[in-house]
Number of protein chains: 2
Amino acid sequence: MPKPVNTSVSRREEPPAASTGPVDKALAVLDALVQPDAPHRLADLAARTGLPKPTVHRLLHTFAEAGYAVPGPGGNYQAGPRLLGLAATALAASSELRLARPVLDDLRLRTGHLAHFSVRDGAVAVHVTQSEPSSTYRMPLTAGGEVPLYCSAVGWAMLSALPSPAAAELLGGEPLPARTSRTVRDPGAVLAALPTVRERGYAVDDEYAEQDVRAIAAPVLGPGDRVAGAVGIVGLTFTLDEESVAVLGPMVRAAAGTVSAALRGGTGPLGIVRGQE
Amino acid sequence: MPKPVNTSVSRREEPPAASTGPVDKALAVLDALVQPDAPHRLADLAARTGLPKPTVHRLLHTFAEAGYAVPGPGGNYQAGPRLLGLAATALAASSELRLARPVLDDLRLRTGHLAHFSVRDGAVAVHVTQSEPSSTYRMPLTAGGEVPLYCSAVGWAMLSALPSPAAAELLGGEPLPARTSRTVRDPGAVLAALPTVRERGYAVDDEYAEQDVRAIAAPVLGPGDRVAGAVGIVGLTFTLDEESVAVLGPMVRAAAGTVSAALRGGTGPLGIVRGQE
DNA sequence: ATCATCGTTCCGGCTCCCGGAACGGACGAA
DNA sequence: TTCGTCCGTTCCGGGAGCCGGAACGATGAT
């Protein structure tokens, strides 16, 4: 008796975003491959990317031949040495990142909170590096993670340093999804808050994205006042309480200013003499 | 049992890249895009990858649409936010890397030399992360950089932890190119030195790769004695002198042992092949 | 003003990418 | 042990879309 193929209506919305070109598919697989829950099985990668199984398999084979993925026993894959090398090179080559790191360490030491540096990708912020206190028993922030601009301190900070029309366009006209009961859902309200952020020099996220989590951030500006990213600290509300915001805010603002100044001043695109290769 | 004995040896590619598929070309462009001398002009990327100009342009356009590259004024490109996020995610997801970092910091503090962690990609070692002393006036090692196994301390360390046949295959039969006057060019001589490395627990590179540079390294072993990488220190010969090798060597060996133990013990992503004998 | 160089666009040819279907092995349940 | 299920892998014919030489406009140096 032929079993009916399980074609039940998926309860989960299909996120697949059918990429048109092979390069987009390759990027999708790479993105899935570096996710923290390694090693990855072929079926999982196919499900996550929404690509057909043979397609993912072929891409993984290509990656493996180039050293960007390494196949394990039982047909599971993980990030390969060349991918790790690429990642290390990319992070080392980013001048803002290289300059931000020591500032983040200093900021973490002086505030006791997790300090991080994020950059903007469209309407979301990507956390690129961070300095964690040893006492973090639960990490409210993951490296490489993303958070919408409208509900994060780093997001508001970067929005505040953008021209108003650009900020308005990024926020859109529709009501924004609520993450907590305190999320500011009205784009107009977010826009109205930006002048205050500009005046103070730092933005505060009061449980906008997650319950019991507060954050403070300030924008980092590169040459020509271009927004390069944002520096911020994150903590639970009962350690990063309302009173401390008044003293921590200026510290965050100063840290961001330090990075901005370093970006403008010292090391231009080619300030250093590199060895060969 | 078909064991994956895939030990691809050659991975060196020259400007006339023989990339057959579009995915390989995309990887080549990505690799060129993260190189330290940003921003990159289209013609440079085309020259570096050996690909035709329109092809590179099309790939960059695809990358830009996905946020993996960002076009600057005047038609130059640099790594985009998604690429930085991917890099951060990849490095954060690697358990060996996460475990190695604090050990490297400690090793650097106690030895005063640059400490680094490298993994193997075919017949070369890739430097994945490092902890630099502040006094480094010239960096003899770059993040994401590569060095052949046969002429580096980390290379010898990883070779020593491999089965002899595998090590022999990686070294090949031909005489190896000389990097300095002290480079060991005979594959047989390298193989003959490995038992000593195994016995002492660390390898020493006496100006094999570069003049006036000495290095010490020890292998890091994961579950099942699989080679996960190597921990090493690098310094100039007149600060990292011959007498200090005897005291620094065991420290490097101990550091590598710490990482190995942590890899085996604590935070295995999920113990899959625990029963495999 | 003139030219070399670069980034960008165009377009016809035909490569080789695509993914449904099938196969064999691994694992768990009965 | 046997059966059923699921997974990784391979195959293959059709046609989607990749390819790159050639051309065009912008830019900066001479």
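When reading the values below, keep in mind they use all heavy atoms of this one structure, side chains included, and skip hydrogens, waters and symmetry mates. Every chain is numbered from 1, with letters handed out A, B, ... down the list of sequences.
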Per-nt protein contacts along nucleotides 16-24 of chain D (heavy atom under 4.0 Å; B base, S backbone sugar-phosphate only, - none) come out as --SBBBB--
End-to-end axis angle, where each axis spans five pairs of the helix from C:dA1-D:dT30 to C:dA30-D:dT1, to 10°: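 Computed angle between terminal axes is 50°.
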Heavy-atom distance under 4.5 Å between the side chains of [X] and [Y], does that happen here?
X: A:Asp24; Y: B:Thr62; answer: yes
X: A:Val154; Y: A:Val119; answer: no
X: A:Arg226; Y: A:Leu221; answer: no
X: B:Leu263; Y: B:Leu99; answer: yes
X: A:Leu170; Y: A:Leu162; answer: yes

Which whole-number value in Å describes the distance from [X] [atom1] to [N] [atom2]?
X: A:Leu60; N: D:dC7; atom1: CG; atom2: P; answer: 16 Å
X: A:Leu45; N: D:dC7; atom1: CG; atom2: C1'; answer: 13 Å
X: A:Asp44; N: D:dG8; atom1: CG; atom2: C1'; answer: 12 Å

Starting from the 5' end of DNA chain C, give me the residue, B:His61 or B:Arg41, whose nearest nucleotide shows up first.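 Going by which nucleotide is closer to the 5' end, it is B:Arg41.
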Looking only at heavy atoms, which two atoms of B:Met158 and B:Ala125 are closest? And how far apart?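 Scanning both residues, the minimum pair turns out to be CE-CB, 3.7 Å.
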Indicate whether any N or O donor in one side chain lies under 3.5 Å from an N or O acceptor in the other, for A:Thr55 and A:His57.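 There is no such pair between these side chains.
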C:dT8 phosphate, OP1 or OP2: any side-chain N/O from B:His57 under 4.0 angstrom?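 B:His57 to C:dT8 OP1/OP2: side-chain N or O found under 4.0 Å.
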Respond yes when some side-chain nitrogen or oxygen of B:Tyr77 is under 4.0 Å from OP1 or OP2 of C:dT8, and no when none is.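 So the side chain of B:Tyr77 is within the cut-off, an N or O lying under 4.0 Å from OP1 or OP2 of C:dT8.
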Presence of salt bridge, A:Asp31 and B:Arg82, under 4.0 angstrom: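 Salt bridge: yes.
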